[in-house]
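Just so it is clear: chains get the letters A, B, ... in the order the sequence lines come, proteins before strands, and each one is counted from 1.
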Amino acid sequence: MTVAATSRPPRRRFRRLGKVLRFIAALSLVGAIYTAFAPGIYADEPKGFTAEDIAKGKAIFDQSCITCHGNNAQGVDDRGPSLIGVGPAAVEFQVNTGRMPMARQEAQAERKTPMFTPEEAYFLAAYIDSLGGGPAVPKGVDLNDLSNADVATGGTLFRVNCSSCHAFSTGGGALSSGKYAPSLFPATPTEIYQAMLTGPQNMPVFADNQLTPEQKRDLIAYIKYIQNDQAQGGWDLGAFGPSTEGLAIFLVGIVALAVATLWIAGKS
Amino acid sequence: MSKEATPGDAEPIDVMDPKTTQYELVKEALRRDGIEILHYEPRYEPGSKEEKRVERTIAFFFALTGLGALGFIVTYIWWPYEYEFGGADVMSKWYTPMLGLCLGVALAGLGLGVLTWAKKLLPKEEMIQERHDGASEPEDRKLAGAVLAGVGGDIGIHRRPLLKRALLFGAAPLGLAALMPIGGLIKDPKNDLFETGFNKKFNNGKPVRLMREDGTLVRPEDVSVGGQITVFPAIPGGASLKHADSPTLLIHLREADAEEARKNAYVMNQGSQWQNFIAYSKICTHVGCPASLYEQQTNRLLCPCHQSQFHITDNAKPIFGPATRSLPQLPLDVDEEGYLYATEDYKVAIGPAFWEREKK
């Protein structure tokens, strides 16, 4: 290309360069207009990470995450995925729920006691965010006080979007090949928000353009509402739904009846 | 009642003799049925202390039944049953368990009472009965046959053709009348099983847009990569039971997965994707449950009822479970206003199989 270009008269070369420049300018103009008007997939507000946060995060990353996610978080084949562009919400969710670091490669990363403090998770999130952005919980969303959220709307949204996997009573349920949708009982409102935002593991993504922050708050309020509600009789058998209840009746009820019949017959 | 079924050598007694005791009459009745009493003894001395004790136990069980049943009635009428939010201190949370407890106590008391009565109060007895072999005596059989034939002859339907026809005319329509209510359930669905709400005929011949349950239209940017939503035809009543065959799962695949899906597409499904968006019927092809457990990494779609799994990037082909047919794919496009729409209805019938399915 350069060889061909030098052989041309300089004027044509400049005209060509001008054409390219105009094209780039037009493209960026269209892009700018698009980003200005199209609803962004992720809220692009400043997340407020400092260079110090990022450096601390990188230090933790280099010690604890690098084996599976690679030295620049680009991922390692058959070990861990690339983390570029996953965003701070995903990192904080995975680390604060103890899912990452994983104990071993298996079908599902389970919730366990977190290995890092929330502060360390924040630093890690800052580092991963510095590598390529990604979704974060918007600043103005109040997840501590859900008293003004609409529980009824949240219930409708939960039944439409979440109940097929997490069960009507938020107890979770089975998926394919050893995977499962976890129980939502131990999850904090922030964790639920982050999970919806980022779609951890096999969960579909419910970004803020699909369920608005307002709707997400309603949803979380509903989840916490029914979890604080007492089940009829006090024992919900894990809130998994009719299967466990049927199994319990079968194992306990039928066995009790069988024993009673044997006892009656045996005594005659 | 045949003669040689009488066991043992007990002498027949004179039943009409006023001096015969009740026990002897019972014994004779059993003897005539071919049963012999080997041993018979009351469990307790009548009126003894032990007998009274057992009686009290049984009475206690029956009283328990009465109290349980009364408790059930009281709970049913007066216990607060309407839903309230709260913990274990809220009365209504104990409504169902209380009903169960009361009824359980009542039925258990009745059962235990009857059982104790039979086991502890009835006399100890031991009897034997000879086993009969085969059919009845030839004589008995001949007599029974003659009686039946005699009744038939007396009615004389074969000699009275008028009555025979009149009875047939009377009875046959009556039978048909009984079948009418069932007949009302049989209805030719015509083309309904092959069409969903995405058919252009519901939108004056124009393609039908996609909408959410609340009626808002769907733009591609509303579903993020790795996300999915349930969509309905944007026609009046599109999300109602009137178009219960129309719920569709709209999935935004990752670039590589979308490419794979395009590569794998059956001829019928080619061009049905819009960019990286793909839409499949949500009605499982096994027995019609909503298959919407979407795993965004493995691209499997699970049906919660019978664990069928469909491979989203390969025409939603069933890869596990009882379903045998792929989920039908909805051909998508985006109109000039930026809304997603179905270019046409599903190309094959959605949901479980039916007899005429393959004919079209």
Side-chain angles (χ1 to χ4, degrees), chain A residues 34 38-42 81 85 107-108 135 151 153 156-157 159-167 173-177 179-181 196-212 215 225-226 228-235 241 243 253 256-257 260 263-264 267-268, chain B residues 81 83-90 92-98 100-101 108 111-112 115 118-120 212-214 218-219 221-230 239 247 249 251-252 282 289-304 307-310 319-321 338:
Chain A
Y34 178 79
I41 289 189
Y42 307 121
Q108 180 122 358
V151 173
T153 309
T156 310
L157 290 169
R159 286 184 287 275
V160 171
N161 293 297
C162 323
S163 65
S164 50
C165 297
H166 290 289
L175 294 175
S176 73
S177 315
K179 298 188 282 292
Y180 59 87
M196 286 192 273
L197 204 56
T198 60
Q201 302 186 49
N202 267 296
M203 176 167 160
V205 180
F206 297 91
D208 281 348
N209 49 0
Q210 188 172 336
L211 290 172
T212 64
Q215 288 175 319
Y225 176 88
I226 61 163
N228 290 327
D229 193 15
Q230 152 114 0
Q232 275 279 332
W235 191 23
S243 311
L257 281 183
W263 174 70
I264 293 169
K267 291 265 246 171
S268 331
Chain B
Y81 67 94
Y83 172 78
E84 296 166 87
F85 176 82
D89 52 331
V90 175
S92 66
K93 301 288 182 202
W94 300 98
Y95 177 68
T96 330
M98 277 306 289
L101 190 73
L112 288 171
L115 206 67
K119 278 169 148 320
K120 294 277 164 77
R212 295 183 191 80
E213 199 195 16
D214 60 5
V218 182
R219 288 175 178 277
E221 58 266 25
D222 294 344
V223 189
S224 29
V225 182
Q228 48 97 43
I229 59 170
T230 302
L249 206 63
I251 301 170
H252 191 171
K282 197 172 168 170
C289 285
S292 58
L293 282 71
Y294 171 53
E295 296 183 356
Q296 61 122 341
Q297 297 287 345
T298 55
N299 281 310
R300 289 187 192 184
L301 190 65
L302 277 57
C303 178
Q307 283 69 48
S308 292
Q309 296 177 13
F310 301 92
I319 48 171
F320 183 85

For this session: Determine the minimum heavy-atom distance between B/R300 and A/S177, stating which atoms define it.
Result: NH1-OG, 3.1 Å
Exercise. Do A/Q230 and B/D89 pass the side chain to side chain contact (heavy atoms under 4.5 Å, CB included) test, and can you show the C-alpha distance, the side-chain angles, and the key distance before you say yes or no?
Worked result: CA-CA 9 Å; A/Q230 152 114 0; B/D89 52 331; over 6 Å; no
Problem set entry | Side-chain (B/Q307) to main-chain (A/S176) donor-acceptor, under 3.5 angstrom | no
Problem set entry | Contact leader toward chain A among B/F320, B/Y294, B/Y95, where contacts are heavy-atom pairs under 4.5 Å | B/Y294
For this session: Ignoring hydrogens and angles, tell me if any N or O in the side chain of A/N202 forms a donor-acceptor pair with the backbone of B/T298 under 3.5 Å.
Result: yes
Exercise. Can you check whether A/G199's main-chain N or O pairs, donor with acceptor, with B/Q296's side chain at less than 3.5 Å?
Worked result: yes
Exercise. What residue in A/P204, A/A260, A/C165 has the most heavy-atom pairs under 4.5 Å with chain B?
Worked result: A/P204
For this session: For A/A174 and B/L302, work out which heavy atoms get closest and say how close.
Result: O-CD2, 4.4 Å
Problem set entry | Per-residue contact mode, A/A181 against chain B (heavy atom under 4.5 angstrom) | neither
For this session: Give, as side chain, backbone, both or neither, the part of B/L115 having an atom under 4.5 angstrom from any heavy atom of chain A.
Result: side chain
Problem set entry | Contact origin within B/E213 toward chain A - heavy atom pairs under 4.5 Å | side chain
Seminar exercise, completed: Heaviest contributor of heavy-atom pairs below 4.5 Å to chain A, chosen from B/G338, B/S292, B/P304, B/A88, is B/A88
Exercise. Counting heavy atoms not belonging to A/Y225, are there more than 12 under 6.0 Å from its OH?
Worked result: yes
Exercise. How far does OH of B/Y81 sit from CD of A/Q232, to the nearest 0.5 angstrom?
Worked result: 13.0 Å
Exercise. What closest approach, in Å, do A/N209 and B/E221 show between heavy atoms, and which atom pair accounts for it?
Worked result: ND2-O, 2.6 Å
Problem set entry | Whether A/Q210 side chain and B/G227 backbone form a donor-acceptor pair below 3.5 Å | no
Exercise. Nearest 0.5 Å, what's the CG-CD distance between A/N161 and B/Q228?
Worked result: 7.0 Å
Problem set entry | Beyond-backbone contact of A/V151 with B/F85, side-chain heavy atoms, under 4.5 angstrom | no
